[in-house]
Engineer: 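This is the structure I want to talk about, given as structure tokens.
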Amino acid sequence: MFNSLSTSLIARGILAVVIGIIALAWPSVTVLALVILFAVYAFIAAGLQAARAFGSRTAGPVIGHLLLGLADLAAGVIALAWPGPTALVLVLIVGTWAIIAGLVEFSAAFASGEPAGTRAMLILGGLATIAFGVVLCARPGLGAVTLALLFGLFNLIAGSWMLAQGTELRRTGKTLQPAHSPHQEKNPA
């Protein structure tokens, strides 16, 4: 069913648009879904740590992996038991990441040899990222909903683009040619 690029793009576009609409219509549900995904990730990580612990031949790694597995398990249980505070913590993590990334981008503007245009874009991008992080950290409750809304907008835009590209590709009948392989060369001898 998904053998052609156009069909794949159209299917992915429809999925992204539907997810975008859901995220915009119910941002609190989207935040809860992110918390649940985090919990699922933590449970999977706990299982993998347990598997590594019992696959180890020495006692030191066994104890370490079991402790990491228990920490992952606890994080998953806490996320499901208290989704509100977990969402706030996740927003604070994203906010902190944005502040650090913005500071790094801002400082990269002053690296030697950067042209003026690149320097200006790095400064503006860094300041915008820092401001985004500060807003998330200052108002994490509002930040969680804002992240859900941004996620929804991104999916609407990306999904619309994929739909347009898939439809155009199907309409024109264009196909992507595989990269040229040296084995496919014909010897004109």
Side-chain angles (χ1 to χ4, degrees), residues 12-50 52 64-163:
R12 289 175 50 213
I14 290 169
L15 180 63
V17 167
V18 168
I19 289 172
I21 290 169
I22 291 170
L24 291 172
W26 298 292
S28 59
V29 172
T30 304
V31 172
L32 180 62
L34 290 173
V35 169
I36 291 170
L37 282 175
F38 171 76
V40 168
Y41 166 79
F43 291 140
I44 291 170
L48 292 173
Q49 288 296 341
R52 286 191 72 193
H65 289 297
L66 283 177
L67 288 175
L68 286 172
L70 287 173
D72 290 335
L73 183 64
V77 169
I78 289 169
L80 291 178
W82 296 292
T86 302
L88 294 179
V89 169
L90 291 174
V91 169
L92 291 173
I93 290 169
V94 171
T96 303
W97 164 82
I99 292 169
I100 293 169
L103 289 171
V104 169
E105 189 173 3
F106 184 83
S107 65
F110 299 102
S112 62
E114 292 295 337
T118 303
R119 185 171 291 165
M121 293 308 293
L122 286 170
I123 289 171
L124 288 174
L127 290 175
T129 306
I130 292 168
F132 176 67
V134 168
V135 169
L136 286 180
C137 289
R139 302 285 303 250
L142 183 60
V145 173
T146 302
L147 282 178
L149 293 173
L150 287 174
F151 177 74
L153 285 173
F154 169 78
N155 275 291
L156 275 179
I157 293 167
S160 299
W161 179 86
M162 284 185 262
L163 277 169

Engineer: Write down the atom of G152, the atom of A23, and the distance for their closest heavy-atom approach.
Structural biologist: CA-CB, 3.5 Å

Engineer: Can you find a pair of side-chain heavy atoms, one from F151 and one from L24, that are under 4.5 Å apart?
Structural biologist: no

Engineer: Identify the heavy atoms of V35 and T86 that sit nearest to each other, and give their distance.
Structural biologist: CG1-CG2, 3.9 Å

Engineer: Looking at every heavy atom in both A148 and P27, which two are closest together, and how far apart are they?
Structural biologist: CB-O, 3.5 Å

Engineer: Classify the angle between the aromatic ring planes of F106 and F110 as parallel (below 30°), tilted (30 to 60°) or perpendicular (above 60°).
Structural biologist: perpendicular

Engineer: Nearest 0.5 Å please: distance from the CD1 atom of I93 over to the SG atom of C137.
Structural biologist: 10.5 Å

Engineer: Determine whether V94 and L136 make a side-chain contact, defined as any pair of heavy atoms from C-beta on separated by less than 4.5 Å.
Structural biologist: yes

Engineer: Using side chain to side chain contact (heavy atoms under 4.5 Å, CB included), reason through T129 and E105 one step at a time and then give a plain yes or no.
Structural biologist: CA-CA 9 Å; T129 306; E105 189 173 3; 3.8 Å; yes

Engineer: What I'd like to find out is whether the side chain of S28 reaches to under 4.5 Å of the side chain of V145, using heavy atoms alone.
Structural biologist: no

Engineer: CG of L122 to CG of L127: how many Å apart, nearest 0.5 Å?
Structural biologist: 10.5 Å

Engineer: May I ask you to test the F43-D72 pair for a side-chain heavy-atom distance under 4.5 Å?
Structural biologist: no

Engineer: If I take atom CE from residue M162 and atom CG from residue N155, how far apart are they, to the nearest 0.5 angstrom?
Structural biologist: 7.5 Å

Engineer: Is V31 close to L147 at the side-chain level, that is, under 4.5 Å between some pair of heavy atoms?
Structural biologist: no

Engineer: Looking at A46 and G69, what are the two nearest heavy atoms and their distance?
Structural biologist: CB-O, 3.3 Å

Engineer: Using a 4.5 Å cut-off on heavy atoms from C-beta on, say whether the side chain of L156 contacts that of W161.
Structural biologist: no

Engineer: So which atom in G133 and which in A98 form the shortest heavy-atom distance, rounded to 0.1 Å?
Structural biologist: CA-CB, 3.7 Å

Engineer: At what distance, to the nearest 0.5 angstrom, does CD1 of I130 lie from CG of L103?
Structural biologist: 4.0 Å

Engineer: Give, for atom CG of L92 and atom OG1 of T96, the distance between the pair rounded to the nearest 0.5 Å.
Structural biologist: 6.0 Å

Engineer: How many angstroms lie between CZ in R139 and OG1 in T146, if you round to the nearest 0.5 Å?
Structural biologist: 9.5 Å

Engineer: Does H65 offer a backbone N or O that forms a donor-acceptor pair with the side chain of R52 under 3.5 Å?
Structural biologist: no

